[in-house]
Amino acid sequence: LNQVAIVLFHSHDVRLHDNVALQMASHHEHVIPVFLWSMKEQGPWGVRGCLEVVLKDALRNLDKKLKQYNLKLVCREGEDSSTMLREICNECAASAVYWNKEHT
């Protein structure tokens, strides 16, 4: 597939190994890994404090690993993840978005 695909990473799933969404997106010519962050959508039980520090460290490590494949993690923060995702899709003319089901 010669179109752009986006892979969404969740706050509880920033792994490369055994990542079905990434495997599916890899069939596309261009892959853009994306992490969207919305404190509002996280609610009162979302990632806060020490967990936020751990998540940021995990995202840095993910970006480092992605660079080995000439990919750069795109991180966006805002009120509404749906709006942020639409904006990214429009910016890069993405034809598909892949993500893994979050089990938490």
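The figures here come from the full heavy-atom set of this structure, side chains too, leaving out hydrogens, waters and symmetry mates.
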J.: With distance as the sole test, does N90 use its side chain to make a donor-acceptor pair with the main-chain N or O of R86 at under 3.5 Å?
T.: yes
J.: If every non-hydrogen atom of F9 is compared with every non-hydrogen atom of F35, which pair is closest and at what distance?
T.: O-CD1, 3.3 Å
J.: If you round to the nearest 0.5 Å, how far is SG of C75 from NZ of K56?
T.: 10.5 Å
J.: How long is the span from the CG atom in L66 to the NZ atom in K72, to the nearest 0.5 Å?
T.: 10.0 Å
J.: What residue among V74, V7, L73 forms side chain to side chain contact (heavy atoms under 4.5 Å, CB included) with V34?
T.: V74
J.: Between M84 and E77, what is the shortest heavy-atom contact and its length?
T.: SD-C, 3.5 Å
J.: In this structure, would L71 and I6 fall into the same cluster of hydrophobic residues linked by side-chain contacts under 4.5 Å?
T.: no
J.: Is Y69 linked to L22 within one hydrophobic cluster, defined over Ile, Leu, Val, Met, Phe, Trp and Tyr using a side-chain heavy-atom separation of less than 4.5 Å?
T.: yes
J.: Hey, quick one: are V31 and L16 part of the same hydrophobic cluster, counting side-chain heavy atoms closer than 4.5 Å, chains of contacts allowed?
T.: yes
J.: How long is the straight-line distance from CD of Q23 back to NE2 of H17, given to the nearest 0.5 Å?
T.: 11.0 Å
J.: Say you draw a straight line from CG of N19 to CH2 of W99; how long is it, rounded to the nearest 0.5 Å?
T.: 13.5 Å
J.: So, Y98 versus H28, ring centres under 6.0 angstrom or not?
T.: yes
J.: Answer with yes or no whether the hydrophobic clustering places I32 together with L85; edges join I, L, V, M, F, W, Y residues whose side-chain heavy atoms lie under 4.5 Å apart.
T.: yes
J.: Without swapping roles, check the side chain of S38 against the backbone of E79 for a donor-acceptor pair under 3.5 Å.
T.: yes
J.: Looking at R15 and D18, would you say the former's side chain and the latter's main chain have a donor-acceptor pair under 3.5 Å?
T.: yes
J.: Looking only at heavy atoms, what is the nearest atom pair of V20 and N100, with distance?
T.: N-OD1, 3.6 Å
J.: Same cluster or not: are V97 and I88 linked, directly or through other Ile, Leu, Val, Met, Phe, Trp or Tyr residues, by side-chain heavy atoms under 4.5 angstrom apart?
T.: yes
J.: Determine, stepwise, if the pair D57 / R60 fulfils side chain to side chain contact (heavy atoms under 4.5 Å, CB included).
T.: CA-CA 5 Å; D57 187 49; R60 278 190 292 275; 3.9 Å; yes
J.: On a heavy-atom basis, which atom in L62 and which in V14 lie closest, and how many Å separate them?
T.: CD1-O, 3.6 Å
J.: Between V4 and A93, which heavy-atom pair has the shortest distance, and what is it?
T.: CB-O, 4.2 Å
